[in-house]
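What follows is a short report on a single structure.
Since the structure is predicted, the reported quantities are computational estimates derived from the model, not experimental observations. Hydrogens, waters and symmetry mates are skipped; everything else that's a heavy atom, side chains included, is used.
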Amino acid sequence: MFKKVLIANRGEIAIRIMRACRELDVSTVAVYSDADKNALFPKYADEAYHIGPSPSSQSYLNMDKIIEVAKESGAEGIHPGYGFLSENPVFAKKCKAAGIVFIGPSSEVIEKMGSKIAARKLMIEAGVPVVPGYDKAIEDVDEALVMADSIGYPVMIKASAGGGGIGMKVVYSKDDFKSSLVSIQSVAQSAFGDPTVFIEKYVEEPRHIEFQILADSHGNTVYVSDRECSIQRRHQKLMEEAPSPVLSPELRKKMGEAAVKAAKSIGYENAGTVEFLYSKGDFYFLEVNTRLQVEHCITELVTGIDLAKQQLLIACGKELPFKQEDIKITGHAIECRINAEDPLNDFAPSPGKITRYRSPGGPGVRIDSGVYMGYVIPPFYDSMIAKLCTWGETREEAINRMKRALYEFVIIGVTTNIPFHKAVLSNEAFVRGDLTTHFIEDHNILDAVKEVVEQEKEKGFTLASVLGNNSRKTAAATAAVSAYVNAAKQQSNCQQTK
């Protein structure tokens, strides 16, 4: 086992990995930027090193500086968390060249899966179902139009190097194709430094279902559990659950085996996620995320498997301690990503100081967070405050526990998306498990968010009043309700004056 590991990340995921290390008696090294000098994660680590200014390009993406710190501190391995350098094959190569273990798959595997075109070709060769489309880069507009006509509209234009929901556009007619193509190529070049795009059939009424896999260096590969990730905005996940409410045991086994086949076909090692689109009984390969996922917590809750620990053990050459038949799903779990953002203002980030904070607890509640009362959420990074998870013996119990946990969660000083999650959990279609990746638009969730905000304003007194004074006016303000209402009124006034 490692004696010391450097975590090349920040916030809640840095703490999550440090917790796994601490339980394995592994010392931890944190790296932090100017913006994170007062963050919780450097304090939690055994050692902490400053690596640069606040912008991630000068700190958390500075490969050479991070490797330099790893050498200086004596760290034998580097865990990249998710985001930043977690899926960067160059960084994985640099770690290997420096004699440091990259805790994740090989640079070769990361590189293969970094190109969606290459990944499609590999999955076709492996016999894994893929969305109908063309496995070549678009080089000529006229040729692309012919491709789109043969596939049949609607089609999806996607950046080959895309990720995080960036570089994707649905085209419903030939008239919109050229302008959409130019737009996505521009986005791809700007976001990924690679303008390569390709075309595939747009799947109607899709659900986003992914399978967690673990693979060791001894030839053992298993799927741990599936997760439903269909509640999204702009192709970015906001809420997840495990297992998916739509899958039968037979279909779950079939998709899980396809995920294992996909992983084995590319020589995958460590933790990863094989993502699928599901529609009307059929499923199609989407991509492989070559890292630990944000939503790994709910898989841990329903299986009892510590995925972060397994990553460390696999990286040390250990064999998986279980076989496929040993893995059982017990109960149901839901995750809500609690972000400092305003759902009523196009989910705009809301950085600032958390003036009051109280996290929920009680039976079946897990919270992964890197903030505290008085912490300032910086504007330079992702706006996540916490990952709130609940477990129940049934999906209904998990939903009810999440409603209760959201009621208990008090965050004052910044606008959060808690009212959004309350609106989703109260939606009848969600309760039925009737989901698609267009759920927010199809069910007018943002209108429901406004209703939640108004109801909480009328209620006046909330748990937030315990952390402020007891006046009705202050209680409503501390519940962060008035911020939503004022924003809505301002938008309305602006529209009236135009």
When you compare the side chain of Ile51 with that of Asn62, does any pair of heavy atoms fall below 4.5 Å? no

Kindly assign one of parallel, tilted or perpendicular to the pair Tyr60 and Tyr381, based on the angle between their ring planes and the thresholds 30° and 60°. perpendicular

So, do Asn9 and Phe41 sit near enough that their side-chain heavy atoms are less than 4.5 Å apart? no

I need the Tyr268 OH to Ile213 CD1 distance, nearest 0.5 Å. 5.5 Å

Is a side-chain donor-acceptor pair under 3.5 Å present for His208 with Glu275? yes

Could you give me the CA-CA distance, side-chain angles and deciding distance for Lys237 and Glu210, then say whether salt bridge (charged side-chain N to carboxylate O under 4.0 Å, His left out) is met? CA-CA 12 Å; Lys237 304 165 189 172; Glu210 61 189 26; 2.8 Å; yes

How far apart are the closest heavy atoms of Val31 and Ala8, and which atoms are they? CG2-CA, 4.2 Å

CG of Leu277 to CZ of Phe283: how many Å apart, nearest 0.5 Å? 12.0 Å

Quick check: do Asp368 and Arg366 have side-chain heavy atoms less than 4.5 Å from each other? yes

I want to know whether Phe409 and Tyr357 have ring centres closer than 6.0 Å. yes

Is the closest side-chain heavy-atom distance between Phe102 and Pro80 below 4.5 Å? yes

For the NZ atom on Lys353, are there more than 12 heavy atoms of other groups (residues, nucleotides or ligands in this structure) within a distance under 6.0 Å? no

Which pair of non-hydrogen atoms, one from Ile66 and one from Ser59, has the smallest distance, and what is that distance? CD1-O, 4.1 Å

Do you see a donor-acceptor pair shorter than 3.5 Å between the side chains of Thr394 and Glu396? no

Kindly say whether Val5 contributes a backbone atom to a donor-acceptor pair with the side chain of Thr28 at under 3.5 angstrom? no

Rounded to the nearest 0.5 angstrom, the CD1-CG distance for Ile17 and Leu307 is 12.0 Å

Would you mind reporting whether Ile399 and Phe430 have side-chain heavy atoms less than 4.5 Å apart? yes

Could you tell me if Arg10 sits above the aromatic ring of Phe84, with its cationic atom closer than 6.0 Å to the ring centre and no more than 45 degrees from the axis? no

Between Arg233 and Glu341, does at least one N-O distance fall below 4.0 Å, as a salt bridge requires? yes

Any donor-acceptor pair under 3.5 Å from Ser54 side chain to Ala35 backbone: yes

Consider only side-chain N and O atoms of Arg234 and Gln232, and report whether a donor and an acceptor are under 3.5 Å apart. no

Between Asp306 (side chain) and Ala308 (backbone), is there a donor-acceptor pair under 3.5 Å? yes

For Ser265 and Ala126, which heavy atoms make the closest approach, and how far apart are they? CB-CB, 3.6 Å

When rounded to the nearest 0.5 angstrom, what distance separates OG1 in Thr273 from CD in Gln293? 3.5 Å

Passing candidate, side-chain contact (heavy atoms from CB on, under 4.5 Å) with Ile13, options Met18, Met384, His296: His296

Return yes if a side-chain donor-acceptor contact under 3.5 Å exists between Arg404 and Thr390, otherwise no. no

For Met123 and Ala262, work out which heavy atoms get closest and say how close. SD-CB, 3.4 Å

Considering only NZ, NE, NH1 and NH2 on the basic side and carboxylate oxygens on the acidic side, decide whether Glu300 and Arg19 come within less than 4.0 Å. no

Quick check for you: to the nearest 0.5 Å, what is the distance between Asn417 atom CG and Leu344 atom CG? 11.0 Å

Heavy atoms only: give me the nearest Val449-Phe420 pair and the separation to one decimal. CG2-CA, 3.6 Å

Chi angles and distances behind the side chain to side chain contact (heavy atoms under 4.5 Å, CB included) call for Asp342, Ser350: CA-CA 7 Å; Asp342 186 353; Ser350 174; 5.6 Å; no

Walk me through whether Val187 and Ser190 qualify under side chain to side chain contact (heavy atoms under 4.5 Å, CB included). CA-CA 5 Å; Val187 169; Ser190 175; 5.8 Å; no

Salt-bridge contact Lys112-Glu108 (side-chain N to carboxylate O under 4.0 Å): no

State, yes or no, whether a side-chain contact exists between Leu312 and Ile103 at a heavy-atom distance under 4.5 Å. yes

Quick one: closest heavy-atom pair of Ile445 and Asn427, and the distance? CD1-ND2, 3.9 Å

Test Glu287 against Lys116 for salt bridge (charged side-chain N to carboxylate O under 4.0 Å, His left out), laying out the working first. CA-CA 7 Å; Glu287 63 181 340; Lys116 287 182 169 57; 3.3 Å; yes

More than 12 heavy atoms from other groups under 6.0 Å of CD on Glu441: yes

Would you find a donor on one side and an acceptor on the other, under 3.5 Å apart, between the side chain of Asn270 and the backbone of Gln311? yes

Decide if atom NZ of Lys201 counts as having more than 12 heavy atoms of other residues, nucleotides or ligands within a radius under 6.0 Å. yes

Side-chain heavy atoms of Phe276 within contact of Leu286, under 4.5 Å: no

Taking only Lys NZ, Arg NE, NH1 and NH2, and the carboxylate oxygens of Asp or Glu, determine whether Arg227 and Glu335 approach each other closer than 4.0 Å. no

Checking the side chain of Arg291 only, and the main-chain atoms of Leu85 only, is there a donor and an acceptor separated by less than 3.5 Å? no

May I have the step-by-step check of side chain to side chain contact (heavy atoms under 4.5 Å, CB included) for Asp282 and Lys280, ending in yes or no? CA-CA 6 Å; Asp282 295 318; Lys280 303 172 183 177; 5.6 Å; no

First locate atom CG of Leu61, then atom CG of Asn88, and finally report the distance between them rounded to the nearest 0.5 Å. 8.5 Å

Looking at Arg337 and Glu240, is any side-chain nitrogen of the basic one under 4.0 Å from a carboxylate oxygen of the acidic one? yes

Without hydrogens or angle criteria, can the side chains of Thr290 and Glu87 be said to hold a donor-acceptor pair below 3.5 Å? yes

Any donor and acceptor pair, going by atom type alone, linking the side chain of Arg401 with main-chain N or O of Trp391 inside 3.5 Å? yes

Are any of the side-chain heavy atoms of Val302 and Thr330 separated by less than 4.5 Å? no

Would you please test Leu238 and Ile440 for side chain to side chain contact (heavy atoms under 4.5 Å, CB included) and show each step? CA-CA 11 Å; Leu238 290 170; Ile440 294 174; 4.1 Å; yes

Spell out, as yes or no, whether a donor-acceptor pair under 3.5 Å connects the side chain of Thr303 to the backbone of Thr299. yes

